[in-house]
Amino acid sequence: MASESDPAPSNFIRSMIEKQTPVNVATRFPPEPNGYLHLGHAKSICLNFGIARDFDGWTNLRFDDTNPDKESEEFMNAIKRDVEWLGFKWKSLCYASDYFDDLYSCAVALIKNGDAYVDSLSAEEIREYRGTLKEPGQESPYRNRSAEQSLELLEEMKAGKHNEGDHIVRLKIDMASSNMNMRDPAIYRIKKTHHYRTGDKWSIYPLYDYTHCLSDAIEGITHSLCTLEFEDHRPLYEWVIEKVKSSAVAVELGSPVQTEFGPLNLEYTVLSKRKLIELVQKEVVTGWDDPRMPTISGLRRRGFTPDSIREFCRRIGVTKSSAVIEMGVLETVIREELNESAERRMAVLEPLKVVITSVAEDHNEILTLANHPNKPELGSRQLAFTREVYIEQSDFEEVPPPKFKRLVPGGEVRLRSSYVIRCDEIIKDENGRVTEIHCTHDPDTLGKKPEGRKVKGVIHWVPAKQSVPSLIRIYDRLFNKPDPLAEENYLDAINPESLVVMEHAQLEPALATAPVGTRYQFERQGYFAIDADSTPSHPVCNRIVGLRDTWS
RNA sequence: UGGGGCGUGGCCAAGCGGUUAAGGCACCGGGUUUUGAUCCCGGCAUUCGUAGGUUCGAAUCCUACCGCCCCAGCCA
């Protein structure tokens, strides 16, 4: 597993900054608190914090909270926790809403300068006047009203004297611009919504294009990194800062430069907040932290580590193209880490009883098992070999397929870290279903190969009477299409088997008291994490990822 | 000819006029193995969207074409 010390791979943003040296680097991670963070945010977080760290700069966490309709304290807290969990420390905790007063002063100055005006067209009319992608728009009849009149209206809007939609503040740029963002963009709208931080103080709220650039400039951000869809907004970003700077307002502004990078896409899932919100609201998943969600909280609950997510971000790179990453990359980073660090245990997901007829009823032979095959320093634990054990139903086949290396009638197999057993007899119920298998063990095979023959397979097992009942959740990809959004309705692509619950799993006794959050490799099956739903007598485990499987 | 961006192996991605075109994931062999895991060793682009051009020399420069993505919220 790559460690923290691995250098971040070169990318176009780092190259750009290297050429600017010596340079101050101040970045920000600016989420809107309207949902939980996902892997796409993790990419941005690693980029922003990583670059600042490597160039001796700093990073602010800023909540872009200008739309009170969708934002909440719950989301804000979840975001803070996730950024911290990922291992990053911000210099200042900032809020766009802390700049509302300054932003208002700037708007007044822009109006006085003739760079903004209050429009009284309806939303629908504004849309019509905007023109189309290929045709220029038309100027609003209110565009040339006096600054005094606009100022008076703005004050009334602020004072709550007008209804939502009655008026709006727009920048006076160019209604014929080929860049739609420059066709007199709106910068303030009337919204009489309670804001989770500013309460009912404001009845007008600034919009993104106006707020973001000024927030960056106020905080002294030098490198404003955002995704590709904002490329067209860059001229506006620069326009606003320049106009406000030349307007003599008493607001200190730096000179941030916006640079765009490609967003993250991951196969078999969706990474759009809008869609994730829908999955939660429609209860397609159990919540933002459902282990199938590509959210940071979902991945955390699933059992992913902060290291693995950072390593994922390091591997996918940063370019100007929209990458579609295969799930295999995510699976590999967590496998690599856990292969090194996770202790091994045995767990039988779907038990089949095996009676070792060659040992006595009360046989209780204590075996010592290594916690890790290649790391003796991780110690060992004990496990009893008893007359009755459970093995995996899938590890026995009466009519085995070709190359089957497990237990078959009359065949031998090794019980992992124990003896070689031979299947002598199959017990079935009235429906012909195998309910029990009778075997004999070869007492001369503990810790050594059997004489004169080779045993093809090794299977995991637990002592029946001492094992711990458990519920194990096997997670798979949330969608069964690589690009769910390409479907008519992406919800039709939900994978009905994204969660399979093994209700009768049996764990080896050492797992009875495993602390919540601990990660193990259940041998031959995959990596699992102890879930918070566990109770002292009944552990609940989530499968993080299966082992690489070149057979099935 | 609205504007803006992107095209290097199945998926990412280095590369910035002279390299045998890095690396990772995936895949395919072979070896080790009491996890069909791990580990090890080997293979995997005569070619960089296409076609021309400049040059002693091009993935890197120029031209044209093709393909894909984004933009007409009082969302961010």
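Residue numbers begin at 1 in each chain, while the letters A, B, ... track the order of the sequences.
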To the nearest Å, how far apart are [X] [atom1] and [N] [atom2]?
X        : N      : atom1 : atom2 : result
A:Asp395 : B:rG36 : CG    : P     : 9 Å
A:Trp461 : B:rU34 : CH2   : C1'   : 13 Å
A:Lys456 : B:rG36 : NZ    : P     : 13 Å
A:Arg335 : B:rU35 : CZ    : P     : 18 Å
A:Glu331 : B:rC27 : CD    : P     : 10 Å
A:Ile421 : B:rU34 : CD1   : P     : 18 Å
A:Met327 : B:rC25 : CE    : P     : 18 Å
A:Gln525 : B:rU38 : CD    : P     : 16 Å

Exercise. Hey, which sits more toward the 5' end of RNA chain B by its nearest nucleotide, A:Thr132 or A:Glu231?
Key: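 Its nearest nucleotide being more 5', the pick is A:Glu231.
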
Quiz item: Would a line drawn from the ring center of A:Tyr117 to the ring center of A:Tyr142 be shorter than 6.0 Å?
Solution: no

Quiz item: With ring centroids as reference points, do A:Tyr237 and A:His233 lie under 6.0 angstrom apart?
Solution: no

Qualifying residues under salt bridge (charged side-chain N to carboxylate O under 4.0 Å, His left out), relative to [X], sequence neighbours excluded:
X        : result
A:Arg143 : A:Glu139, A:Asp184
A:Arg62  : A:Asp216, A:Glu219
A:Arg414 : none
A:Asp54  : A:Arg14

Partners of [X] by side-chain contact (heavy atoms from CB on, under 4.5 Å), sequence neighbours excluded?
X        : value
A:Ile366 : A:Asn364, A:Gln382, A:Ala384
A:Ser72  : A:Glu74, A:Phe75
A:Arg345 : A:Glu343, A:Asn371, A:Arg381, A:Glu508, A:Ala510, A:Leu511, A:Tyr520, A:Phe522

Give me the distance, rounded to whole Å, that separates [N] from [M] when you measure between the [atom1] atoms they each carry.
N      : M      : atom1 : value
B:rG49 : B:rG10 : P     : 13 Å
B:rC68 : B:rG73 : C1'   : 25 Å
B:rC61 : B:rU55 : C1'   : 9 Å
B:rU32 : B:rA37 : C1'   : 13 Å
B:rC69 : B:rC44 : P     : 34 Å

With a 4.0 Å cut-off on heavy atoms, is [X] in touch with a base, just the backbone sugar-phosphate, or nothing at all?
X        : result
A:Leu446 : base
A:Glu135 : nothing
A:Pro373 : base
A:Lys449 : sugar-phosphate

Answer yes when [X] and [Y] have at least one side-chain N-carboxylate O distance shorter than 4.0 Å, and no when they do not.
X        : Y        : answer
A:Glu260 : A:Lys320 : yes
A:Arg314 : A:Glu311 : yes
A:Glu155 : A:Lys161 : no
A:Arg519 : A:Glu337 : no
A:Lys70  : A:Glu32  : no

Practice problem: For residues A:Glu125 and A:Ser122, report the shortest heavy-atom separation together with the two atoms involved. | Solution: OE1-N, 2.7 Å

Residue-phosphate contact under 4.0 Å: [X] side-chain N/O, [N] OP1/OP2:
X        : N      : answer
A:Arg406 : B:rG36 : no
A:Thr445 : B:rU34 : no
A:Arg548 : B:rC27 : yes

Exercise. Would you please classify the geometry between the A:Phe29 ring and the A:His41 ring as parallel, tilted or perpendicular, with 30° and 60° separating the classes?
Key: perpendicular

Closest to side chain of [X], choosing from [options]:
X        : options                : answer
A:Glu326 : B:rG36, B:rC25, B:rU35 : B:rC25
A:Leu228 : B:rU34, B:rG2, B:rG5   : B:rG5
A:Lys403 : B:rG36, B:rC25, B:rG2  : B:rG36

Exercise. Have a look at A:Leu171 and tell me which of A:Asp174, A:Val169, A:Ile173 forms a side chain to side chain contact (heavy atoms under 4.5 Å, CB included) with it.
Key: A:Ile173

Heteroatom pairs (N/O) under 3.5 angstrom, protein to nucleotides 12-18 of chain B:
{"from": "B:rC12", "atom 1": "OP1", "to": "A:Val324", "atom 2": "N", "distance (Å)": "3.2"}
{"from": "B:rC12", "atom 1": "O5'", "to": "A:Val324", "atom 2": "O", "distance (Å)": "3.4"}
{"from": "B:rC12", "atom 1": "O2'", "to": "A:Ile316", "atom 2": "O", "distance (Å)": "3.0"}
{"from": "B:rA13", "atom 1": "OP1", "to": "A:Thr319", "atom 2": "OG1", "distance (Å)": "2.7"}
{"from": "B:rG15", "atom 1": "OP1", "to": "A:Ser10", "atom 2": "OG", "distance (Å)": "2.9"}

Self-check item: Base-pairing string, 5' to 3', of RNA chain B - Watson-Crick or wobble, under 3.5 Å, | interstrand
Solution: .(((((((.[[[..)..(....]]].(((((.......))))).....[[[[[..)....]]]]])))))).....

Quiz item: Is a side-chain donor-acceptor pair under 3.5 Å present for A:Ser120 with A:Arg145?
Solution: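 Judged by distance alone, the side chains do pair up.
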
Quiz item: Heavy-atom contacts under 4.0 Å between residues 256-265 of chain A and RNA chain B, which residues?
Solution: none

Quiz item: Counting only non-hydrogen atoms, which of residues 411-419 of chain A are less than 4.0 Å from RNA chain B?
Solution: A:Arg414, A:Arg416, A:Ser417, A:Ser418

Output one line per pair: protein atom, nucleotide atom from nucleotides 74-76 of chain B, and distance, for all N/O pairs under 3.5 Å.
{"from": "B:rC74", "atom 1": "OP1", "to": "A:Arg130", "atom 2": "NH2", "distance (Å)": "3.3"}
{"from": "B:rC74", "atom 1": "OP2", "to": "A:Arg130", "atom 2": "NH1", "distance (Å)": "3.4"}
{"from": "B:rC74", "atom 1": "N4", "to": "A:Leu121", "atom 2": "O", "distance (Å)": "3.2"}
{"from": "B:rC74", "atom 1": "N4", "to": "A:Ala123", "atom 2": "N", "distance (Å)": "3.0"}
{"from": "B:rC74", "atom 1": "N4", "to": "A:Gly165", "atom 2": "O", "distance (Å)": "3.2"}
{"from": "B:rC75", "atom 1": "OP2", "to": "A:Arg189", "atom 2": "NE", "distance (Å)": "3.1"}
{"from": "B:rC75", "atom 1": "OP2", "to": "A:Arg189", "atom 2": "NH2", "distance (Å)": "2.9"}
{"from": "B:rC75", "atom 1": "O3'", "to": "A:Arg189", "atom 2": "NH2", "distance (Å)": "3.3"}
{"from": "B:rC75", "atom 1": "O2'", "to": "A:Asn67", "atom 2": "ND2", "distance (Å)": "3.0"}
{"from": "B:rA76", "atom 1": "OP1", "to": "A:Thr66", "atom 2": "OG1", "distance (Å)": "2.6"}
{"from": "B:rA76", "atom 1": "OP1", "to": "A:Arg189", "atom 2": "NH2", "distance (Å)": "3.1"}
{"from": "B:rA76", "atom 1": "OP2", "to": "A:Tyr208", "atom 2": "N", "distance (Å)": "3.0"}
{"from": "B:rA76", "atom 1": "O3'", "to": "A:Asp64", "atom 2": "OD2", "distance (Å)": "3.3"}

